[in-house]
Amino acid sequence: MSDQAAEVNSASVLTVLVAALMNLGITIAKLIAGVLGGSAAMVSEAAHSMADTVTEMMLYVALRNSAKAPDAAHPFGYGSTAYLWAALAAAFTFVAGGLFSITHGFHSLHDEPADDHLLSYMVLGISFVLEAISFARTVVQLRGESKRWSVSPRTLLRHTPDTSLKAVFLEDLAALIGLGLAATGLLFTEATGDPLYDGAASILIGVLLLAVAVVLGHANISLLIGKSLPPRFREAVRAELEAGEDIAAVLDLLTLQLGPTSVMIAAKIDFRDSATGEAIERGCRELEARLRERYPTVTYVFLSPWGEPGVTPR
């Protein structure tokens with residue numbers, strides 16, 4: 001793994017650990033406040049934070065496993081295990097967080113509201129500060145990586161193969177929104193004496209969790225079954241290859257994201273008829289070196305000299 005790729009992986013591990021520790025403390029506080037205060041939204045928020053905590057621990061395992069070196073049984077490494085664990089984490093969020101919150105919200109729509117919500121408000125305030133700290137840490141990493149790749153944070157978030165970064169960002173954002181929903185439900189329930197608002201807040205928190213789980217599940221499954229680089233980077237790789245000496249055209253270009261920090265590139269190259277065998281060998285070595293230097297996550301490059309009369313480059 002390159003130094004830059006290792007740096008990105010280390011940053012992701014730190015981001016996940018910070019988020020997990022924050023959520024573990026928040027889970028305990030929310031659960032106590034929810035049980036003592038009789039708030040469905042607070043109990044749902046506790047389930048939300050618990051789901052986030054377990055999810056982040058699974059992401060931590062994913063990052064550690066994906067960093068294992070290639071071996072004879074797995075010559076391209078273990079990068080794809082990150083997507084498997086992240087997909088399982090998304091499924092856990094869907095079931096344990098989303099469905100529980102919605103079900104609990106419906107069951108508590110007609111419960112008797114508690115008289116004192118002071119403890120719940122205190123926990124919500126502290127939770128918001130802690131979640132904001134975790135979210136800020138994630139945003140710092142997101143901006144750093146977007147600057148490294150010369151893209152906007154939004155574009156990076158949409159296309160990044162580091163799904164742990166995407167997961168923590170979306171979970172922290174959903175947590176902040178969920179805290180706002182819980183506080184709003186409590187305020188309206190306290191003002192009107194109607195538990196409908198508290199229960200409705202719990203249901204909305206569950207729907208929010210389901211939305212995050214679906215987005216993350218789709219992203220990880222897409223990468224797990226094999227996904228190419230984004231169009232912009234594929235074209236940049238093609239341009240780099242076509243700029244090589246004695247190259248007439250790039251007939252075919254395949255890219256594959258093997259893991260969060262590992263990319264494979266394979267291409268059929270049409271060399272000029274005047275190129276000697278020595279020039280072709282030298283050209284392939286130079287192209288591979290240039291690709292690895294420009295894109296640190298490129299770990300495998302396979303270039304095949306290929307040329308037939310009448311073939312139209314793609």
Side-chain angles (χ1 to χ4, degrees), residues 19-59 86-114 117 119-132 134-135 166-190 192 194-220:
L21 291 174
M22 292 287 187
N23 276 308
L24 182 59
I26 291 170
T27 298
I28 297 172
K30 286 178 179 176
L31 184 60
I32 293 173
V35 172
L36 295 180
S39 169
M42 285 300 297
V43 173
S44 293
E45 270 297 298
H48 181 172
S49 295
M50 188 63 215
D52 286 350
T53 302
V54 175
T55 294
E56 282 141 12
M57 293 310 299
M58 294 174 78
L59 291 175
L88 293 174
F92 181 85
T93 300
F94 184 94
V95 175
L99 296 183
F100 172 82
S101 297
I102 291 174
T103 302
H104 185 66
F106 274 114
H107 287 166
S108 58
L109 286 175
H110 304 292
D111 289 349
E112 286 296 324
H117 295 293
L119 179 60
S120 294
Y121 290 133
M122 292 176 60
V123 170
L124 286 174
I126 295 172
S127 299
F128 190 89
V129 172
L130 295 178
E131 292 286 4
S134 176
F135 186 64
K166 180 182 293 187
V168 175
F169 178 87
L170 292 178
E171 287 171 359
D172 285 348
L173 180 60
L176 292 172
I177 296 173
L179 289 169
L181 290 172
T184 302
L186 281 175
L187 284 170
F188 277 94
T189 292
E190 189 173 29
T192 64
D194 190 344
L196 173 67
Y197 299 103
D198 187 49
S202 176
I203 294 171
L204 290 176
I205 290 169
V207 171
L208 181 64
L209 277 172
L210 294 185
V212 171
V214 169
V215 171
L216 292 177
H218 178 268
N220 283 288

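Quick note: numbers below take in every heavy atom, side chains included, and nothing from hydrogens, waters or symmetry partners.
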Which heavy atom of [X] sits nearest a heavy atom of [Y], and at what distance?
X: Ala89; Y: Met58; result: N-CE, 3.7 Å
X: Ala33; Y: Val123; result: CB-CG2, 3.7 Å
X: Glu45; Y: Ala175; result: OE1-O, 4.3 Å

So how far is it from [X] [atom1] to [Y] [atom2], rounded to the nearest 0.5 Å?
X: Glu171; Y: Leu176; atom1: CD; atom2: CG; value: 12.0 Å
X: Leu186; Y: Leu181; atom1: CG; atom2: CG; value: 11.0 Å
X: Thr184; Y: Asp198; atom1: OG1; atom2: CG; value: 11.0 Å
X: Ile26; Y: Met50; atom1: CD1; atom2: CE; value: 13.0 Å
X: Met42; Y: Leu119; atom1: CE; atom2: CG; value: 7.5 Å
X: Tyr121; Y: Ile126; atom1: OH; atom2: CD1; value: 15.5 Å

Does the side chain of Val43 reach to within under 4.5 Å of the side chain of Phe100, using non-hydrogen atoms?
yes

Residues forming a ring-ring contact (aromatic ring centres under 6.0 Å, His included) with Phe128, sequence neighbours excluded:
none

Mind listing the side-chain donor-acceptor pairs of residues 200-220 below 3.5 Å, one per line with the distance, residues two or more places apart or on another chain?
from   : atom 1 : to     : atom 2 : distance (Å)
Ser202 : OG     : Ser44  : OG     : 2.2
Ser202 : OG     : Ser101 : O      : 2.8
Ser202 : OG     : Gly105 : N      : 3.4
Asn220 : OD1    : Thr163 : OG1    : 2.9
Asn220 : ND2    : Leu216 : O      : 2.8

